[in-house]
Engineer: 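To start, I am sharing the structure in question, which I have written as structure tokens.
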Amino acid sequence: MVAQLTTTPRLSRTDRWKRRVKTLGLRVLSASGATRLIARRYGGRGVILMFHDFTRDPRRDLDQGCRIEDFSRILAHLRKTGRDIVTLDEAQRRLADPAARRFAVLTFDDGYRSNIDLALPEMERFEAPATIYVPTAMISRDINAWWLGLTALFRDRDQIEIEPMGVRYCCPDLDSKIAGLRRVLAWVWDDFTRSEMLGPTFARHGIFLADIVDRAAIDEAGMIAADRHPLIEIGAHTVNHRALSLLDDADVRAEMTGNKRFLEERLQREVPHFAYPYGAPSLSGAREPRMAREAGFRSAVTTTPGCLFPAHADSPFTLPRQNAEYTEDGAAYTACGTAGLFRALASRGGNPLASLAEATT
Ligand SMILES: [Zn+2]
């Protein structure tokens, strides 16, 4: 494909306004107590929160990750609103116990060093446990961490050509870098086969994924040490972190069981909990949840927004999970998510139970 003229990407005025209005709306809702009304129907008995990387400076990281101060505010809010922060095992027990107190579960995907360096001290302060889902290839450093490659590409270079997309960007400042990165991320999310086309782009720009992963992710010794910490449990996240819906049956099975075996051999214990890479793009229907069960897992989380209800005890392989990252104000965003606001919006005020049907759309 012939690259087009070089352009400087900008966030449109409409996008900026939408984001401001959204942030204001979240703050008003979370501060006004309106979330309590939403929670009556959509709050359920508990919620699983999803984080990835943590950062002290989200703008420098091109609007990626959870600001560590927001994480601290989220934990404080959960405690203040009378929720216990529990493990996945305890969450599953509570779903079947009508007398159980309301709860939240913390989950971190992919195995970033910041989970230990930044988040763990806050978890210790609040005595809050978390599950870290780790793909094998993150530890072996040969994962196709295209999202980290793109972030590094936009952060470290001003002239960027994404050949498979047919674009050439000039990004001399943070605003244009953030705007450009968003465009390319959205392009990949439109079609996950594109995530496997970016290798030559990184090579041409001198971006080495293995080095980036080595700096960003925990290593094997760090993973084993983390799992021995009383507040941390390592969970499974496939071997190579590919969108499972693109793979045939044998490869999906190998992605799940290979990672489970890898983790269990190193941690010397059963690894019963699993997260689908990317959530919905990994779910092509009932196949992946069935294979997660057959692989011997006891739970599998999606990225479908929603809270946990007792009925989810019967569908432990498509558990909804609420994103908790929003760099404008992660605490207000998560307070609304924990009340079930995003499930209410996604279902247009309909069924509060996020189900397999939604997980695959
Ligand atoms: Zn992941």
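Numbering of ligands and ligand atoms starts at 1, following listing order. Computation of the quantities below employed the complete heavy-atom set of this structure, encompassing side-chain atoms and omitting hydrogens, waters and symmetry-equivalent molecules.
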Engineer: Classify the ring geometry of W147 against H241: parallel below 30°, tilted from 30° to 60°, perpendicular beyond 60°.
Structural biologist: tilted
Engineer: Please enumerate all residues that pass salt bridge (Lys or Arg N to Asp or Glu O under 4.0 Å) together with D97, with sequence neighbours excluded.
Structural biologist: R93
Engineer: Kindly list each side-chain donor-acceptor pair under 3.5 angstrom involving residues 133-140, sequence neighbours excluded, with atom names and distances?
Structural biologist:
unit_1	atom_1	unit_2	atom_2	d
T136	OG1	N259	ND2	2.9
S140	OG	T136	O	3.4
S140	OG	D142	OD1	2.5

Engineer: May I ask you to list the protein N, O or S atoms found at less than 2.8 Å from the Zn ion (ligand 1)?
Structural biologist: D110 OD1, H237 NE2, H241 NE2
Engineer: Name all residues meeting the side chain to side chain donor-acceptor pair (under 3.5 Å) criterion together with R67; count only those two or more places apart in sequence or in a different chain, and write none if there are none.
Structural biologist: none
Engineer: Can you establish whether the number of heavy atoms outside E127 located under 6.0 Å from its atom CD is more than 12?
Structural biologist: no
Engineer: Can you classify the ring geometry of H312 versus F309 as parallel (below 30°), tilted (30 to 60°) or perpendicular (above 60°)?
Structural biologist: tilted
